[in-house]
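In what follows, a single structure is set out as structure tokens and then discussed.
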Amino acid sequence: MVDSRKAMVIGAGDLGSRVLQGLASGGSGRELRLVGRNAEATLRAANLAALSSLQTGHRNVVSEAVSDLFDVDRTAETISEFQPDVIFLTASLQSWWVISTLPQPAFQRLYRANFGPWLPMHLIPVMYAMRAVRAAGSDAVVVNAAFPDAVHPALAAAGLSPHVGIGNVANNVPGIQSSAADLLGVDVHRIDVRFIAHHYVSHRLSRTGDSGAADMILRLLLDGADVTDRLDLAELLGALPGRYRRTGGRDGQVMTAASALSVLAPLLDNLEAVVHAPGPLGRIGGYPVSLSPSGIKVVLPDGVTEAQADAANRSGQRCDGITEITADGTVRFEPEPAGVLAEELGYHCTQMRLDEAEDCAREIGERFAAYRERVLTDPGYQTRPRLAVTV
Ligand SMILES: NC(=O)c1ccc[n+]([C@@H]2O[C@H](COP(=O)([O-])OP(=O)(O)OC[C@H]3O[C@@H](n4cnc5c(N)ncnc54)[C@H](OP(=O)(O)O)[C@@H]3O)[C@@H](O)[C@H]2O)c1
């Protein structure tokens, strides 16, 4: 008999709404609450999930509440009132896809920065949410979608890391599993994947089929036995942008939502599972992770040491534009990607203490809004040469 419990989704945007929908349309007897800052949008998203799950015969209860994460007291009250067992954070000041809504030349220029320099936009809502979780005295398992590979180690210093992330390392696992099954000529369900990789690698793999300058660790198991040596890695991964290419952009967040559900459903229903997740227990990058009622554990493949796994994730972190996250949560950025934001937005930052992150987020937000305005109103802007900028 499954012990059914309560989940709170905080952040009523694209991913939060998709995941709420998935939670409402699976299992039975789940109590779900969506928390957003826009009352009308939050009500509509909660009703959509409630009514469509009712339509398909599911017996889950969905409700909604309004809170702005910057109001820690109100969010803490919202958490105390509902007493969730699992909290899923999906709030962000600027989701990864926002730059893709710019005209192509501007998007291409900003894309060169990779993801690391945008860290404050993901870190700040999570930091505020975690302050509310602590203020509520909640012992919920906290799962976060917003750049967990870097947000969690940065917040760990302040004791504010969520327990585990979702997506990123997980998003290519079904494609890798399918490609391995094809090459071995076996049923896909006989294959297990054990993958250690940073966000940078996950993002790149589905586009190019390789990890570039970053390291990753990948093991393929057939009926539990390691068969990695029987497979040509380049051929295996080539299927990600090839045979198993998938819809990208915001529509492609179906895959992220599925990765989130692979973590949230076992936690919510008190089941055991081995999944892939970024930022487990405050770590850098992504890992295989075991979930069970007794806790969350990182599962290293046989023969792989902690040091090897950590080194692979740190190499991905550097490629993503983050040189280092120190034990006190200070983030040092790689000069070249940071230089892209300096050149394009006029935002200069190569090092950020945790107590500076909110000002950094505010500045990026303001500068990005001005940049958007410029590139939309002055079509020639993108083609004019830039002054050389140092950061
Ligand atoms: N791990 C992965 O594989 C993966 C994949 C995709 C996305 N993501 C990440 O997941 C996060 C969410 O993505 P998304 O596409 O769902 O973004 P989105 O559609 O922009 O949703 C973000 C939501 O956060 C809300 N928000 C912002 N500040 C808030 C505050 N102070 N209080 C309450 N809510 C606040 C926004 O509210 P308003 O609507 O009122 O502005 C918006 O609804 C991003 O960090 C994104 O990069 C991760």
Side-chain angles (χ1 to χ4, degrees), residues 8-22 34-46 64-72 74-76 78-79 87-101 114-116 118-132 143-152 162 164-174 197-203 205-206 246-264 275-280 285-286 320 358 361-362 365 368-369:
M8 174 173 272
V9 176
I10 303 184
D14 188 85
L15 187 60
S17 305
R18 287 180 198 271
V19 170
L20 183 76
Q21 182 93 34
L34 178 65
V35 180
R37 64 176 169 182
N38 176 321
E40 179 65 15
T42 307
L43 175 75
R44 283 176 182 271
E64 77 288 335
V66 177
S67 185
D68 188 311
L69 285 170
F70 289 118
D71 184 345
V72 172
R74 173 74 200 117
T75 310
T78 308
I79 294 169
I87 296 175
F88 181 47
L89 306 177
T90 69
S92 171
L93 300 178
Q94 188 175 308
S95 189
W96 67 274
W97 49 261
V98 172
I99 64 167
S100 72
T101 62
N114 289 326
F115 204 47
W118 300 100
L119 174 65
M121 308 311 269
H122 306 277
L123 185 145
I124 290 303
V126 179
M127 187 171 87
Y128 272 88
M130 290 305 295
R131 284 179 183 160
V143 181
N144 164 51
F147 201 9
D149 307 67
V151 165
H152 293 192
V164 67
I166 61 96
N168 297 342
V169 65
N171 294 340
N172 285 310
V173 167
H198 192 268
H199 164 271
Y200 172 84
V201 174
S202 328
H203 181 77
L205 271 184
S206 57
R246 51 189 157 84
T247 305
R250 219 168 2 161
D251 291 341
Q253 294 202 146
V254 168
M255 188 67 233
T256 317
S259 298
L261 291 169
S262 78
V263 173
L264 293 167
V275 299
H276 284 81
D320 226 1
E358 190 166 349
R362 190 171 302 114
F368 181 76

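Indexing begins at 1, ligand by ligand and atom by atom, following the structure's order.
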Worksheet item: Which protein non-hydrogen atom lies closest to atom 16 (O) of ligand 1, naming both residue and atom, and how far is it?
Response: L15 N, 2.7 Å
Worksheet item: Under 3.5 Å, side chain of N114 to main-chain N/O of G116, donor-acceptor pair present?
Response: no
Item to complete: May I ask you to identify the nearest protein heavy atom to atom 19 (O) of ligand 1, giving residue, atom name and distance to one decimal place in Å?
Response: D14 N, 2.9 Å
Worksheet item: Donor-acceptor pair, S259 side chain versus M255 backbone, under 3.5 Å?
Response: yes
Worksheet entry | Ligand-residue contact atoms, ligand 1 with N168, heavy atoms, under 4.0 Å | 1 (N), 2 (C), 3 (O)
Worksheet item: Tell me: protein heavy atom nearest atom 27 (C) of ligand 1, and distance?
Response: S92 O, 3.2 Å
Worksheet item: Of the choices Q253, H203, R37, Q94, which has the non-hydrogen atom that lies closest to atom 36 (C) of ligand 1?
Response: R37
Worksheet item: Heavy-atom contacts under 4.0 Å between L69 and ligand 1: side chain, backbone, both, or neither?
Response: both
Item to complete: Check each of A260, G13, G11 against atom 43 (O) of ligand 1 and report the one with the nearest heavy atom.
Response: G13
Fill in: Closest protein heavy atom to atom 45 (O) of ligand 1, given as residue, atom name and distance to 0.1 Å
H122 ND1, 2.8 Å
Worksheet item: Do any non-hydrogen protein atoms sit less than 4.0 Å from atom 1 (N) of ligand 1?
Response: yes
Item to complete: Hey, can you tell me if F115 and H122 have their rings parallel, tilted or perpendicular (30° and 60° cut-offs)?
Response: tilted
Item to complete: Give the numbers and elements of all ligand 1 atoms closer than 4.0 Å to a heavy atom of A12.
Response: 43 (O)
Worksheet item: So which bit of N171 gets within less than 4.0 Å of ligand 1, heavy atoms only: side chain, backbone, both or neither?
Response: side chain
Worksheet entry | Numbering as shown, the atoms of ligand 1 that approach F70 to under 4.0 Å (heavy-atom distance) | 31 (N)
Practice prompt. Spell out, as yes or no, whether a donor-acceptor pair under 3.5 Å connects the side chain of S67 to the backbone of L69.
Written response: no
I'd like a table of donor-acceptor pairs (distance under 3.5 Å, sequence neighbours excluded) in which one partner is a side-chain atom from residues 8-18, with atom names and distances.
{"residue": "D14", "atom": "OD1", "partner": "R18", "partner atom": "NH2", "Å": "3.4"}
{"residue": "D14", "atom": "OD2", "partner": "R18", "partner atom": "NE", "Å": "2.8"}
{"residue": "D14", "atom": "OD2", "partner": "R18", "partner atom": "NH2", "Å": "3.4"}
{"residue": "D14", "atom": "OD2", "partner": "Q253", "partner atom": "NE2", "Å": "2.7"}
{"residue": "S17", "atom": "OG", "partner": "G13", "partner atom": "O", "Å": "2.7"}
{"residue": "R18", "atom": "NH2", "partner": "R250", "partner atom": "O", "Å": "3.0"}

Fill in: Protein contact to atom 15 (O) of ligand 1 [nearest heavy atom, distance to 0.1 Å]
W97 NE1, 2.6 Å
Fill in: Per-residue contact class, A146 against ligand 1 - non-hydrogen pairs under 4.0 Å
both
Discussion item. With a heavy-atom distance limit of 4.0 Å, tell me whether R250 approaches ligand 1 through its side chain, its backbone, both, or neither.
Written reply: neither
Discussion item. Keeping N168 on the side-chain end and P278 on the backbone end, is there a donor-acceptor pair under 3.5 Å?
Written reply: no
Item to complete: Look at atom 12 (C) of ligand 1 and find which of V66, T90, V35 reaches it with the closest heavy atom.
Response: T90
Practice prompt. Under 4.0 Å, heavy atoms only, figure out whether ligand 1 is touched by the backbone of Y128, its side chain, both or neither.
Written response: neither
Worksheet item: If every non-hydrogen atom of N172 is compared with every non-hydrogen atom of R246, which pair is closest and at what distance?
Response: OD1-NH2, 3.1 Å
Item to complete: Just jot down the side chain to side chain contact (heavy atoms under 4.5 Å, CB included) partners of P120, sequence neighbours excluded, or say none.
Response: Y347, M352, C360, A361, I364
Item to complete: Could you find the nearest protein heavy atom to atom 46 (C) of ligand 1 and give me its residue, atom name and distance?
Response: S95 OG, 3.3 Å
Worksheet item: Which of the atoms in ligand 1, numbered in the order shown and given with their element, are less than 4.0 Å from a heavy-atom of T256?
Response: 2 (C), 3 (O), 4 (C), 5 (C), 6 (C)
Discussion item. Judged on heavy-atom distance to atom 24 (O) of ligand 1, which of A91, S17, A45 sits nearest?
Written reply: A91
Discussion item. As an exercise, identify every atom of ligand 1 less than 4.0 angstrom from a heavy atom of I166.
Written reply: 1 (N), 2 (C)
Fill in: Protein residue, atom and distance nearest to atom 31 (N) of ligand 1, heavy-atom basis
D68 OD1, 2.9 Å
Worksheet item: Got more than 12 heavy atoms from elsewhere within 6.0 Å of CZ, R131?
Response: yes
Fill in: Interfacing atoms of ligand 1 (cut-off 4.0 Å, heavy-atom, W96)
6 (C), 7 (C), 46 (C), 47 (O)
Worksheet item: Do any nitrogen or oxygen atoms of A145 lie less than 3.5 angstrom from nitrogen or oxygen atoms of ligand 1?
Response: yes
